[in-house]
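We use all heavy atoms of the structure for the numbers below, so side chains are in, but hydrogens, waters and symmetry mates are not.
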Amino acid sequence: MRFRWVAVAVVAVLLGGGMAILAGGGEKTTSVGGFDFHDGEVLADGLDLPWGLDHLPDGSALVTQRDTAEILRVTPDRSVEVVSQIDEVVPGGEGGLLGLAVSPDYVTDGLIYVYYTADEDNRVATVTLEDATPRPIITGIPKANIHNGGRVAFGPDGKLYVTTGDAADTDHSQDPGSLGGKILRLEPDGSIPADNPDPDSPVFSLGHRNVQGLAWTDDGVAYASELGQNAYDEVNLIEAGANYGWPIVEGRGGEGYTDPLHTWTPVEASPSGAAVDSDTMFVAALRGACLWVVPLDGGEPQAVLAGEHGRLRTVEVGPDGWLWITTSNGGDDRVMRYPPAE
């Protein structure tokens with residue numbers, strides 16, 4: 001395969017190691033949630049709507065670009081290359097090449113799991129860096145111009161979790177026979193785990209509007225970030241078989257439905273990607289243009305990086321211990337990372 005190298009511009013002062021430094025000034029918050037948000041590094045810029053991000057065993061990151069259907073490889077020393085492009089992707093609106101997860105057995109199987117919009121549906125497939133031909137493991141996820149969900153991640157149990165949206169049809173979310181408005185749980189080969197709430201269905205939880213963030217604590221508790229409509233965005237503790245209420249309930253107060261742990265108005269958040277480190281959840285906010293730091297012990301969330309980089313799409317804790325973040329501004333987007341606090 002011929003790799004196309006992507007130019008990465010230096011956007012700030014160059015210091016030792018050639019890193020571009022994001023140095024906050026004045027009274028900006030520095031250490032929050034165990035990370036230093038004063039001294040970040042730009043690893044790549046000039047990107048076009050990066051969406052999914054996961055790390056290879058060597059510490060480099062694979063990053064999807066939604067509309068170009070490309071997978072980039074970004075290293076901590078700021079080299080960036082296009083390593084794959086998936087021809088079956090049909091971008092449009094919020095659809096395209098979305099989430100990405102590296103197989104837990106990557107060293108032996110070389111598999112990369114991608115969530116993408118095709119002609120008739122959203123689907124999850126495997127590809128490799130040597131062969132970009134997608135091999136679907138689940139199809140038939142509803143697609144639309146909006147609310148396509150799109151996050152894929154492996155849980156501590158070794159299962160593949162897939163977040164889907166209601167595809168602008170709220171009936172999907174409460175319909176157990178629809179894959180829309182759900183969190184799905186699959187074996188790595190796409191088969192249904194025997195211990196799913198319904199052993200004949202990939203549905204793990206339902207009643208969602210548009211989940212784009214999913215992460216776990218060290219002891220295996222799952223949390224998700226969800227885009228609401230006009231009233232409330234949510235952070236939810238995800239439990240097998242639970243119903244989170246959409247479209248009957250938005251936010252708290254739904255008898256018979258699971259209440260969220262935290263809510264925001266959409267102007268404050270519009271949350272996308274999520275990560276958990278220790279007892280803290282990090283939520284990338286699109287419309288809110290910030291990173292929300294959410295204590296999982298019941299404390300109040302705190303916004304950092306507010307207005308500094310525009311819309312934020314994805315946040316992941318890297319194997320280097322740094323917090324990796326992507327922007328989503330539709331031009332000159334970035335991959336950045338922030339170090340652990342001393």
#### Entry: Exam field: side chain Gln85 to backbone Thr68, donor-acceptor pair closer than 3.5 Å
yes
### Message
Is there a continuous path of hydrophobic side-chain contacts, each under 4.5 Å between heavy atoms, that joins Val127 to Val102?
### Response
yes
## Note on the structure
Smallest heavy-atom separation, Trp322 atom then Pro339 atom, equals CE3-N, 3.3 Å
### Query
Among all residues two or more places apart in sequence or in another chain, which pass the ring pair (Phe, Tyr, Trp, His ring centres under 6.0 Å) test with Trp324?
His55
#### Entry: Contacts of type salt bridge (charged side-chain N to carboxylate O under 4.0 Å, His left out), residue Arg252, not counting sequence neighbours
none
### Task
Measure the CG-CD1 distance between Asn236 and Ile183 for me, rounded to the nearest 0.5 Å.
8.0 Å
### Query
Have Asn122 and Thr117 got a donor and an acceptor in their side chains that come within less than 3.5 Å?
yes
### Query
Is it true that atom CD of Glu120 has more than 12 heavy atoms of other residues, nucleotides or ligands lying nearer than 6.0 Å?
no
### Message
When you compare the side chain of Pro260 with that of Tyr232, does any pair of heavy atoms fall below 4.5 Å?
### Response
no
### Message
Using every non-hydrogen atom in the two residues, find where Gly253 and Asp259 come nearest and quote the distance to one decimal.
### Response
N-OD1, 3.1 Å
### Task
Work out which heavy atom in Glu300 is nearest to a heavy atom in Pro295; give both atom names and the distance.
O-CD, 3.5 Å
### Query
Under 4.5 Å between any side-chain heavy atoms of Tyr244 and Ile238, yes or no?
yes
### Message
In the structure I gave you, are the side-chain heavy atoms of Ser84 and Arg73 within less than 4.5 Å of one another anywhere?
### Response
no
### Task
Taking all heavy atoms of Ala194 and all of Pro199, pick out the closest pair and write down the distance.
O-CB, 3.6 Å
### Task
Taking the side chain as every heavy atom from C-beta outward, state whether Ile325 and Val315 have any pair of such atoms under 4.5 Å apart.
yes
### Task
Applying side-chain contact (heavy atoms from CB on, under 4.5 Å), run through Asp198 and Val203 and close with a yes or a no.
CA-CA 7 Å; Asp198 178 347; Val203 173; over 6 Å; no
#### Entry: Shared-cluster residues of Met281, by chain and number - hydrophobic side chains joined below 4.5 Å
Val221, Tyr223, Val235, Leu237, Leu261, Trp264, Val276, Val283, Trp292, Val294, Leu296
### Task
List the steps, then state whether side-chain contact (heavy atoms from CB on, under 4.5 Å) holds for Asn243 with Leu206.
CA-CA 5 Å; Asn243 188 328; Leu206 71 161; 3.9 Å; yes
### Message
Any non-hydrogen side-chain atom of Asp169 less than 4.5 Å from a side-chain atom of Pro142?
### Response
no
### Message
Run Leu291 and Leu323 through side-chain contact (heavy atoms from CB on, under 4.5 Å) and show every step you take.
### Response
CA-CA 11 Å; Leu291 183 72; Leu323 200 64; 3.9 Å; yes
### Query
To the nearest 0.5 Å, what is the distance between CD1 (Ile141) and CZ (Arg123)?
9.5 Å
### Transitive ILVMFWY side-chain link Leu43 to Val63, under 4.5 Å
yes
Compile the donor-acceptor pairs under 3.5 Å between side chains in residues 156-164 and protein atoms, sequence neighbours left out, one pair per line.
unit_1: Asp157; atom_1: OD1; unit_2: Lys159; atom_2: N; d: 3.0
unit_1: Asp157; atom_1: OD2; unit_2: Tyr161; atom_2: OH; d: 2.7
unit_1: Asp157; atom_1: OD2; unit_2: Arg185; atom_2: NE; d: 3.3
unit_1: Asp157; atom_1: OD2; unit_2: Arg185; atom_2: NH2; d: 3.1
unit_1: Lys159; atom_1: NZ; unit_2: Glu187; atom_2: OE1; d: 3.0
unit_1: Lys159; atom_1: NZ; unit_2: Glu187; atom_2: OE2; d: 2.8
unit_1: Tyr161; atom_1: OH; unit_2: Arg185; atom_2: NE; d: 3.0
unit_1: Thr163; atom_1: OG1; unit_2: Arg151; atom_2: N; d: 3.1
unit_1: Thr163; atom_1: OG1; unit_2: Val211; atom_2: O; d: 2.6
unit_1: Thr164; atom_1: OG1; unit_2: Leu179; atom_2: O; d: 2.7
unit_1: Thr164; atom_1: OG1; unit_2: Gly181; atom_2: N; d: 3.1
unit_1: Thr164; atom_1: OG1; unit_2: Lys182; atom_2: N; d: 2.9
unit_1: Thr164; atom_1: OG1; unit_2: Lys182; atom_2: O; d: 3.2

### Task
With the side chain counted from C-beta on, respond yes when Glu268 and Asp233 share a heavy-atom pair under 4.5 Å apart, and no when they do not.
no
### Summary
Rounded to the nearest 0.5 Å, the SG atom of Cys290 sits from the CG atom of Leu305 at a distance of 8.5 Å
### Query
Between Gln65 and Asp48, is there a donor-acceptor pair closer than 3.5 Å when you use the side chain of the first and the backbone of the second?
yes
### Message
Listing request: all side chain to side chain donor-acceptor pair (under 3.5 Å) pairs with a residue in residues 96-109, at least two apart in sequence or in separate chains.
### Response
Ser103-Asp109
### Query
To the nearest 0.5 Å, what is the distance between CG (Leu227) and NE2 (His208)?
12.5 Å
### Query
Which pair of heavy atoms, one from Pro57 and one from Val107, lies closest together, and at what distance?
CG-CG2, 4.0 Å
### Task
Among Asp45, Val335, Leu312, find the residue that satisfies the side chain to side chain contact (heavy atoms under 4.5 Å, CB included) test when tested with Thr327.
Leu312
### Message
How long is the straight-line distance from CG of Leu56 back to CG of Leu129, given to the nearest 0.5 Å?
### Response
6.5 Å
### Message
Please check: side-chain N/O of Asp121 versus main-chain N/O of Gly140, any donor-acceptor pairing under 3.5 Å?
### Response
yes
## Note on the structure
Nearest heavy-atom approach of Tyr115 to Asn148 is OH-O, 2.7 Å
### Message
Quick check on the hydrophobic clustering: are Leu47 and Leu49 connected, directly or via other members, by side-chain heavy-atom contacts under 4.5 Å?
### Response
no
### Task
Could you name each residue pair satisfying ring pair (Phe, Tyr, Trp, His ring centres under 6.0 Å) that touches residues 266-290, not counting sequence neighbours?
Phe35-Phe282
### side chain to side chain contact (heavy atoms under 4.5 Å, CB included) partners for Asp279, two or more places apart
none
### Query
Residues two or more places apart in sequence or in another chain: which of them pass side chain to side chain contact (heavy atoms under 4.5 Å, CB included) with Pro197?
Phe204, Ala240
### Task
Count the heavy atoms belonging to other residues, nucleotides or ligands that lie under 6.0 Å from CG of Asp87, then report whether that count exceeds 12.
no
### Query
Residues two or more places apart in sequence or in another chain: which of them pass side chain to side chain contact (heavy atoms under 4.5 Å, CB included) with His147?
Glu94, Asp166, Arg209, Asn210
### Task
With sequence neighbours excluded, tell me which residues meet salt bridge (charged side-chain N to carboxylate O under 4.0 Å, His left out) with Asp320.
Arg337
### Task
Flag the pair Ile71 / Leu97 as yes when at least one side-chain heavy-atom distance between them is below 4.5 Å, and no otherwise.
yes
### Query
When hydrophobic residues are tied together by side-chain contacts of less than 4.5 Å, even through go-betweens, does Trp51 share a cluster with Leu286?
no
#### Entry: Side chain to side chain, Val74 and Leu53, heavy atoms closer than 4.5 Å
no
### Task
State which residues pass salt bridge (charged side-chain N to carboxylate O under 4.0 Å, His left out) with Arg311; sequence neighbours excluded, sorted by chain then number.
none
### Message
Run the side chain to side chain contact (heavy atoms under 4.5 Å, CB included) test against Pro188 and tell me which residues pass, sequence neighbours left out.
### Response
Tyr113, Phe154
### Message
Under a 3.5 Å distance rule, please check whether Thr314 uses its side chain to pair with a backbone N or O of Thr326 as donor and acceptor.
### Response
no
### Message
Please say yes or no: joined through hydrophobic side-chain contacts below 4.5 Å, possibly via intermediate residues, are Leu186 and Trp216 part of one cluster?
### Response
no
### Approximate separation, where rounding is to 0.5 Å, of Gln212 CD and Leu98 CG
8.0 Å
